[in-house]
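I have placed the structure first, in the form of structure tokens, so that the comments after it can refer back to it.
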Amino acid sequence: MQLWQDGLVAMLAAVGLASLMWAAVKVVLYAGPEKRQGVVAVIPAQGDGESLEEQVHVLERLRQEQGVIGMILLVDCGLSEEGEKLSRMLERKDRWVAVCRKDEISGYLAG
């Protein structure tokens with residue numbers, strides 16, 4: 001019984017040590033002074049926006065975990081009324097998400 005308990009403690013210690021090492025490596029690998037805030041992700045939104053919410057959540061996760069993306073731009077490329085409601089809801093939910101028409105893209109990329 002003692003051998004089983006020692007093995008379990010050793011396994012937990014190894015997992016804890018690996019987690020601490022990964023946290024240190026992650027800080028070094030993803031460190032950056034401005035965290036790439038100038039990077040804009042452009043998503044062409046069409047129809048009812050079937051996969052729009054999922055795409056935005058994946059990009060938000062990338063921004064939170066790794067700081068890879070600054071702004072998420074949802075470009076209206078033929079959204080229906082439901083798609084427009086969904087994209088406006090996503091815009092209200094996160095300040096880093098914006099909805100625009102095709103002719104407004106340059107305003108977000110230049111500034």
Side-chain angles (χ1 to χ4, degrees):
M1 188 67 161
Q2 183 67 26
L3 183 63
W4 181 81
Q5 291 173 344
D6 289 344
L8 182 63
V9 169
M11 182 193 70
L12 291 174
V15 168
L17 183 61
S19 297
L20 289 174
M21 288 178 62
W22 173 245
V25 168
K26 189 175 175 182
V27 167
V28 171
L29 286 179
Y30 299 118
E34 65 277 344
K35 287 267 207 180
R36 297 177 189 90
Q37 293 299 323
V39 176
V40 177
V42 178
I43 300 175
Q46 300 173 340
D48 289 339
E50 293 83 18
S51 63
L52 197 59
E53 192 169 4
E54 180 183 345
Q55 291 173 345
V56 169
H57 287 309
V58 168
L59 291 171
E60 286 173 345
R61 198 173 316 121
L62 275 174
R63 182 180 53 245
Q64 291 169 356
E65 291 176 0
Q66 299 176 5
V68 175
I69 296 167
M71 181 75 131
I72 300 170
L73 188 58
L74 305 175
V75 181
D76 186 348
C77 295
L79 281 170
S80 65
E81 190 175 321
E82 282 298 314
E84 230 176 282
K85 286 180 186 177
L86 176 64
S87 60
R88 294 294 174 193
M89 187 237 356
L90 291 169
E91 182 180 34
R92 280 192 304 271
K93 208 163 96 173
D94 187 354
R95 70 183 185 115
W96 293 100
V97 176
V99 180
C100 73
R101 294 185 316 267
K102 289 179 189 178
D103 57 345
E104 298 173 335
I105 293 175
S106 61
Y108 286 94
L109 297 180

Give every donor-acceptor pair under 3.5 Å between a side-chain atom in residues 38-56 and any protein atom, sequence neighbours left out.
| unit_1 | atom_1 | unit_2 | atom_2 | d |
| --- | --- | --- | --- | --- |
| D48 | OD1 | S80 | OG | 2.4 |

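- L59 and M89 fall within a single hydrophobic cluster, where Ile, Leu, Val, Met, Phe, Trp and Tyr are joined by side-chain heavy atoms under 4.5 Å apart, directly or via other members.
- Qualifying side chain to side chain contact (heavy atoms under 4.5 Å, CB included) partners for R95, counting only residues two or more places apart in sequence or in other chains: none.
- L8 is linked by a side chain to side chain contact (heavy atoms under 4.5 Å, CB included) to W4, M11, L12, counting only residues two or more places apart in sequence or in another chain.
- Taking the side chain as every heavy atom from C-beta outward, V97 and E60 approach each other to under 4.5 Å.
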For residues 69-76, dump all side-chain donor-acceptor pairs below 3.5 Å to protein atoms at least two apart in sequence or in another chain.
| unit_1 | atom_1 | unit_2 | atom_2 | d |
| --- | --- | --- | --- | --- |
| D76 | OD1 | G78 | N | 3.0 |
| D76 | OD1 | L79 | N | 2.9 |

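- Applying the salt bridge (charged side-chain N to carboxylate O under 4.0 Å, His left out) rule to R88 yields the partners E91; only residues at least two apart in sequence or on another chain are considered.
- Here CD of Q64 is found 8.0 Å from CG of D94. Values are rounded to the nearest 0.5 Å.
- Clustering of Ile, Leu, Val, Met, Phe, Trp and Tyr by side-chain heavy atoms under 4.5 Å joins L17 with M21.
- Remark: C77 SG to R101 CZ distance equals 12.5 Å, nearest 0.5 Å.
- Residues L90 and L62 are members of one and the same hydrophobic cluster, defined by side-chain heavy-atom contacts under 4.5 angstrom among Ile, Leu, Val, Met, Phe, Trp and Tyr.
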